[in-house]
Amino acid sequence: MRHLAHHDSAQPLVDAQDGFLTMAYSSDEQEIFETLRQIVSDTLRVPAERVTRESVLSDLGMVESIKLLRVAGKVERRFDIELDDSLFFQGVSLGRLVEEIAAQRAATVSGEAA
């Protein structure tokens, strides 16, 4: 028996199956993460397998600030949002960046619908 408890789109879903709790993410968040992972992997030239939700950009090798700005620019263009560049320099995990991107996209959509 599989049960997913959902709080809101920026939070992971709790997946209870066979007595085990695991984290499942909304399809939107998973899509955002996969896109973010590809941008980070390509721009910083690190294997995609090393890029996880817990990863911090500055911990992925010899990362120069110009590369972090390139990642920020690519993310903003890809998702058509504006992020505070400091998010990329403050040791924020990719999981937190995914949440921020999802929140900004949701705000943009609800702003357009109003």
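Note that the coordinates shown come from a computational prediction; the quantities given were computed from them, not determined experimentally. Hydrogens, waters and symmetry mates are skipped; everything else that's a heavy atom, side chains included, is used.
Residues D28 and A102 come closest through the heavy atom pair OD2-CB, 4.5 Å. Minimum heavy-atom separation, R53 to E29: NH2-O, 3.6 Å. Across L97 and V92, no two heavy atoms sit closer than the pair N-CG1, 4.2 Å.
No donor-acceptor pair closer than 3.5 Å links the side chain of E82 to the backbone N or O of E76. When atom types are taken as modelled, the side chain of T35 and the backbone of E31 share a donor-acceptor pair closer than 3.5 angstrom.
Around the CG atom of D80, the shell of radius 6.0 Å holds no more than 12 heavy atoms that belong to other residues, nucleotides or ligands.
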Review point. Are T43 and K74 close enough, and set up right, to give a side-chain hydrogen bond (donor to acceptor under 3.5 Å, both in side chains), and what steps lead you there?
Key: CA-CA 9 Å; T43 306; K74 289 177 181 183; 3.1 Å; yes
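Residues passing the side chain to side chain contact (heavy atoms under 4.5 Å, CB included) test with Q38 are D42, sequence neighbours excluded. Scored by the side chain to side chain contact (heavy atoms under 4.5 Å, CB included) test, L69 finds D85, F89 as partners (sequence neighbours excluded).
Put simply, V71 and V56 are part of two different groups of oily side chains (I, L, V, M, F, W, Y) that touch within less than 4.5 Å, one to the next. L83 and I39 fall within the same hydrophobic cluster, defined by Ile, Leu, Val, Met, Phe, Trp and Tyr side-chain heavy atoms under 4.5 Å apart, directly or through other members.
The structure places CG of L87 at 11.5 Å from CG of L68, a figure rounded to the nearest 0.5 Å. Taken to the nearest 0.5 Å, the CG atom of L57 stands 9.0 Å off from the CG atom of D59. One finds the NZ atom of K67 at 14.0 Å from the OG atom of S58 (value rounded to the nearest 0.5 Å).
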Could you pull out all donor-acceptor pairs under 3.5 Å where a side-chain atom in residues 44-52 meets a protein atom, sequence neighbours excluded?
{"residue": "T52", "atom": "OG1", "partner": "E54", "partner atom": "N", "Å": "3.2"}
{"residue": "T52", "atom": "OG1", "partner": "E54", "partner atom": "OE1", "Å": "3.4"}
{"residue": "T52", "atom": "OG1", "partner": "S55", "partner atom": "N", "Å": "3.3"}
{"residue": "T52", "atom": "OG1", "partner": "S55", "partner atom": "OG", "Å": "3.1"}

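With salt bridges taken as basic N to acidic carboxylate O contacts below 4.0 Å, one links R37 and E34.
Taking the ring centre of F79 as origin, the terminal cationic atom of R105 falls outside the region bounded by 6.0 Å and 45° from the ring axis.
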